[in-house]
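Single-structure report; data block below.
All of these numbers come straight from a predicted model, not from anything done at the bench.
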Amino acid sequence: MKVPATLMAAIALLAVASPASSGEGRDRSQQIPPTIAIIIDDMGHNLAEGRRLIGLEQPITLAFLPYRRHTTELAEHAHRKQKEIMLHAPMANTRNIGLGPGGLSPGMGKDSMATTLRRALQSIPHVRGVNNHMGSLLTQQLEAMDWVMSELDHYPVYFVDSRTIASSIAGEVAAAYRIPTLTRDVFLDHEQTEEYVDKQFRLLIKRAKENGSAVGIGHPHKVTVDYLEKRLPELDEEGIAIATVSGVWAMRNGNRQMFAEGEKRAIRPALAKQE
């Protein structure tokens, strides 16, 4: 399949375009405290740590793997606790690590990829957005990302490029489809020690102070949950705000709504079968 020239042109335009700056915009940004969004990936496996994360008072965002043992239970619980919920969509990686059910791989055709992604979306209750689980291989492939975003474009969901590889084009293709898009700034817990998580969390705050907002990704490891339980309540005194992913997107886009009513097709919940 040949990738449409219009998509290529849109991506090229996005790569060089920069938002206009106005005095009014600068004044408004000075009134908003540095704001972080924290996404917790790989939700659905660990029931105990998942419940602890849901119990946090702060508006963190939880990204659930499809079809995992505790995904539905935890996602329903998270929704009742006003947490924002995402699909953590498994995508092919360069290390040949297995994807599990709901995975997207280069061997799929367009229809198969769309069906797998649609069923995964339907399997996550109250889903508001999508990010990639792994994906260092697939997120570099323009045709595959075109197929992914053409399916996501039907639904009222945003996309976060987890950016598991620097050459990912996932975010750019999403933006070319005008899907609300953000990109991960900092991974919090590649190393599972309190010292490392603290270093990365400080980096996340530094990025937020420099740019107004920043997006961090962590995982339901005990060390990460322990750290967040202790550290997040301290942010108010430091003048740092925490918001959901959609909240950060709104901050960056003039506080406008992502979607007009009826603009997108509703995601109908379904007990989708594992692929």
Side-chain angles (χ1 to χ4, degrees), residues 1-4 6-8 10-11 39 41-45 62-76 79 84-94 96-162 164 168-181 258-259 262-275:
M1 173 184 172
K2 186 176 180 181
V3 178
T6 53
L7 178 61
M8 293 289 291
I11 292 172
I39 301 169
D41 283 351
D42 294 355
M43 291 289 291
H45 285 302
L62 304 176
F64 286 86
L65 290 161
Y67 316 116
R68 272 40 174 198
R69 181 177 180 182
H70 303 295
T71 286
T72 300
E73 174 188 353
L74 287 174
E76 291 286 4
H79 179 68
E84 192 158 283
I85 294 167
M86 301 174 64
L87 164 65
H88 194 38
M91 297 186 188
N93 57 83
T94 57
N96 295 317
I97 299 172
L99 301 180
L104 305 176
S105 62
M108 291 178 163
K110 179 179 182 179
D111 290 344
S112 177
M113 192 169 289
T115 299
T116 301
L117 181 57
R118 180 169 62 253
R119 289 178 177 172
L121 274 171
Q122 292 172 331
S123 76
I124 309 294
H126 314 291
V127 64
R128 296 282 308 279
V130 178
N131 72 339
N132 53 292
H133 171 56
M134 300 188 287
S136 54
L137 178 63
L138 203 71
T139 60
Q140 297 183 78
Q141 298 183 0
L142 181 58
E143 184 175 65
M145 289 299 97
D146 181 32
W147 292 349
V148 166
M149 301 310 165
S150 66
E151 180 63 26
L152 291 184
D153 189 39
H154 295 307
Y155 310 106
V157 293
Y158 57 77
F159 179 79
V160 175
D161 187 353
S162 302
T164 55
S168 170
I169 60 169
E172 286 136 314
V173 179
Y177 272 91
R178 300 191 182 279
I179 295 169
T181 306
M258 284 185 178
F259 307 104
E263 178 184 356
K264 298 288 184 177
R265 184 188 308 170
I267 300 171
R268 296 182 178 179
L271 294 176
K273 295 180 179 180
Q274 298 183 8
E275 295 298 320

Problem - Validation row: Pro90, Pro101 side chains within 4.5 angstrom (heavy atoms) - result: no
Exercise for the section: May I ask you to test the Phe64-Thr72 pair for a side-chain heavy-atom distance under 4.5 Å? Expected result: no
Practice task
Provide the closest heavy-atom pair for Ala75 versus Pro125 in the form atom of the first, atom of the second, distance.
Solution key: CB-CD, 3.8 Å
Problem - Contact summary for Met145 and Val173, nearest pair of heavy atoms - result: O-CG1, 3.7 Å
Practice task
Measure across Gly103 and Met108 and return the closest heavy-atom pair with its distance rounded to 0.1 Å.
Solution key: O-CE, 3.1 Å
Exercise for the section: Please confirm whether the backbone N or O of Ser112 pairs with a side-chain atom of Thr115, one donor and one acceptor, at under 3.5 Å? Expected result: no
Problem - Note, Leu99 side chain near Asn93 side chain (heavy atom, < 4.5 Å) - result: yes
Problem - Note, Glu84 side chain near His126 side chain (heavy atom, < 4.5 Å) - result: no
Practice task
Measure the CZ-CZ distance between Arg118 and Arg268 for me, rounded to the nearest 0.5 Å.
Solution key: 12.0 Å
Problem - Where Gly171 and Phe159 come nearest, the two heavy atoms and their spacing - result: N-CE2, 4.2 Å
Exercise for the section: Check whether any side-chain heavy atom of Glu151 sits under 4.5 Å from a side-chain heavy atom of His154, and report yes or no. Expected result: yes
Practice task
Nearest 0.5 Å please: distance from the CG atom of Leu65 over to the CD1 atom of Ile124.
Solution key: 8.0 Å
Handout entry: From CG (Leu87) to OH (Tyr155), nearest 0.5 Å
Key = 11.5 Å
Practice task
Look up atom OG1 in Thr116 and atom CG in Asp111, then write down how far apart they are to the nearest 0.5 Å.
Solution key: 10.5 Å
Practice task
Taking the side chain as every heavy atom from C-beta outward, state whether Gln122 and Ile267 have any atom pair closer than 4.5 Å.
Solution key: yes
Exercise for the section: Considering non-hydrogen atoms only, spot the tightest contact between Leu117 and Ala89 and give its length. Expected result: CD1-CB, 4.5 Å
Exercise for the section: Please round to the nearest 0.5 Å and tell me the distance separating atom CG of Leu104 and atom CG of Leu138. Expected result: 6.5 Å
Exercise for the section: State whether the side chain of Ser162 and the backbone N or O of Asn132 hold a donor-acceptor pair below 3.5 Å, judged by distance alone. Expected result: yes
Practice task
Report yes if some heavy atom in the side chain of Pro106 is under 4.5 Å from a heavy atom in the side chain of Gln141; otherwise report no.
Solution key: yes
Fill in the blank from the handout: Exactly one candidate in Arg265, Arg178, Lys264 meets salt bridge (charged side-chain N to carboxylate O under 4.0 Å, His left out) with Asp153; the answer is Lys264
Completion exercise
Here the pair of heavy atoms bringing Ile39 nearest to Asn131 is CG2-ND2, 4.1 Å
Practice task
Could you tell me whether the side chains of His133 and Asp41 share a donor-acceptor contact shorter than 3.5 Å?
Solution key: no
Completion exercise
CD1 of Ile97 to CE of Met134, rounded to nearest 0.5 Å, is 5.5 Å
Exercise for the section: Determine whether the side chains of Asp161 and Ser168 contain a donor N or O and an acceptor N or O closer than 3.5 Å. Expected result: yes
Exercise for the section: Answer whether the closest heavy-atom distance between the side chains of Arg119 and Tyr67 falls below 4.5 Å. Expected result: yes
